[in-house]
Amino acid sequence: FFKQKTAYEIPKRDWSSDVCSSDLTGYIAIICILAQISDFRLLLFPELGALSNEILRKPKGTWANAPIMLMITPFFTGLIGSLVTHHLPYGMPSILLSVFAGIIIIKLLGSPIAPAISAGLLPVTLGETSWWYPCSLLVGTGLLASLSVFQRRLTLSRPHQAPSDIKLLHHSNTAHSGISWILFFVFFLLTAAYFASQTQIRFLLFPPLIVIAYEMFAHASLCPWAKYPSILPLACGLTACAGVTIVGWLGAGPLAAALAVFYSTVVLRGLDIHVPPVIAVSLLPFVIPHPEDRKSTRLNSSHVSESRMPSS
């Protein structure tokens, strides 16, 4: 139960040389356009940035070879997150329930899609109660899975790549069977959830952080950023600031989303680290309700209430 696949393999060459490809930014831009057309911002699920970064760059990688899991794992964890949001207020119980339910689903399915944990926590963090949310996850992951299958077929039709071109992080794709990591992960989660719930600063525990922590504790020998934890706050801070700034200047459109992803990959290249969930951090501002939206909602609610009052 505690053995789990991991998806992070680093090319022996400069892994970041092709991260900023048109495939990655183009995919994110398309998803953003669909989110605008549907008027449902969460269709741009932030972890799609991390998933597409790995899948489109490595068509023979772990995530790319699991297109069905890529679709169903976030759907089920997102569904659980929506259920939790409907029945529990934001606080430690809702946070812990959504996170642990996500991990259990991943384990039961034998899925390598760890970013699905974020899909379960996101509706809790945002207070999103729409049942369209889990369905919207199928749109982004379904398109990505289709691109992955198509790209993998093209790759298989090409001459076989030399084994020396890829450097595996470990001889095995499975993590160690020990369970001591659970204690450290639970301690981190309880601490972060406590401060987030007590201060009501929900993004103290931003969803991609759970994925970063889970991979770092559960797969310490395989996780590429486990050896450099001190750089993580800087990487997350830079990409978060960039996301907020870009949304403030350009809005939450496709060009802005592509630019945020591009900037995130530049940050990762500059810091010389391989942390795909950091890309998801830059996309969080695109799904956070803006003050104008909340003000509009309050005005509309007030207008409806006034219209229902009997005239004197």
Side-chain angles (χ1 to χ4, degrees), residues 4-11 15-16 18-32 34-35 42-78 81 102-103 105-106 109 111-122 133-152 173 206-212 214-215 219 223-225 236 239 243 257-258 260-262 264-265 268 274-284 286-287:
Q4 183 65 34
K5 293 180 179 179
T6 189
Y8 304 103
E9 300 164 0
I10 302 179
W15 64 267
S16 58
D18 60 350
V19 170
C20 303
S21 66
S22 59
D23 290 343
L24 174 59
T25 54
Y27 166 76
I28 293 298
I30 290 173
I31 295 298
C32 191
L34 293 177
L42 287 180
L43 199 146
L44 182 63
F45 170 48
E47 288 288 353
L48 289 175
L51 289 167
S52 58
N53 173 69
E54 291 294 295
I55 290 173
L56 297 179
R57 287 199 313 111
K58 295 179 294 189
K60 295 181 181 179
T62 304
W63 287 348
N65 285 318
I68 301 300
M69 289 300 173
L70 174 62
M71 294 178 62
I72 67 173
T73 313
F75 170 77
F76 283 125
T77 57
I103 294 175
I105 288 173
I106 287 175
L109 292 175
S111 173
I113 312 299
I117 302 172
S118 179
L121 181 60
L122 186 63
Y133 170 66
C135 297
S136 71
L137 294 172
L138 290 174
V139 177
T141 56
L143 177 58
L144 184 57
S146 300
L147 291 174
S148 171
V149 171
F150 178 72
Q151 187 181 40
R152 189 166 67 253
N173 275 341
F206 53 97
L209 180 61
I210 293 296
V211 180
I212 293 174
Y214 171 76
E215 293 282 18
H219 310 132
C223 180
W225 59 85
C236 291
T239 54
V261 170
F262 177 85
S264 299
T265 58
L268 293 178
H274 184 60
V275 195
V278 165
I279 300 175
V281 176
S282 69
L283 292 176
L284 281 174
F286 289 81
V287 300

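Given the structure is predicted, the values throughout are model-derived calculations rather than measurements.
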Reported [atom1]-to-[atom2] distance for the pair [X] and [Y], which is rounded to 0.5 angstrom:
{"X": "I55", "Y": "D23", "atom1": "CD1", "atom2": "CG", "answer": "12.5 Å"}
{"X": "L143", "Y": "M71", "atom1": "CG", "atom2": "CE", "answer": "10.0 Å"}
{"X": "I30", "Y": "L44", "atom1": "CD1", "atom2": "CG", "answer": "12.5 Å"}
{"X": "I106", "Y": "T73", "atom1": "CD1", "atom2": "OG1", "answer": "6.5 Å"}
{"X": "K58", "Y": "N53", "atom1": "NZ", "atom2": "CG", "answer": "8.0 Å"}
{"X": "S52", "Y": "I31", "atom1": "OG", "atom2": "CD1", "answer": "9.0 Å"}

What I'd like to find out is whether the side chain of [X] reaches to under 4.5 Å of the side chain of [Y], using heavy atoms alone.
{"X": "L122", "Y": "Y133", "result": "yes"}
{"X": "L48", "Y": "Y27", "result": "yes"}
{"X": "I279", "Y": "T239", "result": "no"}
{"X": "P59", "Y": "F150", "result": "no"}

For the pair T77 and I117, evaluate side chain to side chain contact (heavy atoms under 4.5 Å, CB included) and give the outcome as yes or no after the intermediate values.
-> CA-CA 7 Å; T77 57; I117 302 172; over 6 Å; no
Looking only at heavy atoms, which two atoms of [X] and [Y] are closest? And how far apart?
{"X": "H274", "Y": "P224", "value": "O-CG, 3.4 Å"}
{"X": "A260", "Y": "F286", "value": "CB-CE1, 3.9 Å"}
{"X": "L284", "Y": "F206", "value": "CD1-CB, 3.9 Å"}
{"X": "W63", "Y": "P115", "value": "CZ2-CD, 3.6 Å"}
{"X": "T141", "Y": "P74", "value": "CG2-CG, 4.2 Å"}
{"X": "T62", "Y": "P112", "value": "CG2-CB, 3.6 Å"}

For the pair Q151 (side chain) and L56 (backbone), establish whether a donor and an acceptor sit closer than 3.5 Å, ignoring hydrogens and angles.
-> yes
side-chain hydrogen bond (donor to acceptor under 3.5 Å, both in side chains): which pairs involve residues 275-284, sequence neighbours left out?
-> S264-S282
Test side chain to side chain contact (heavy atoms under 4.5 Å, CB included) applied to I113 and L51, step by step | CA-CA 8 Å; I113 312 299; L51 289 167; 4.0 Å; yes
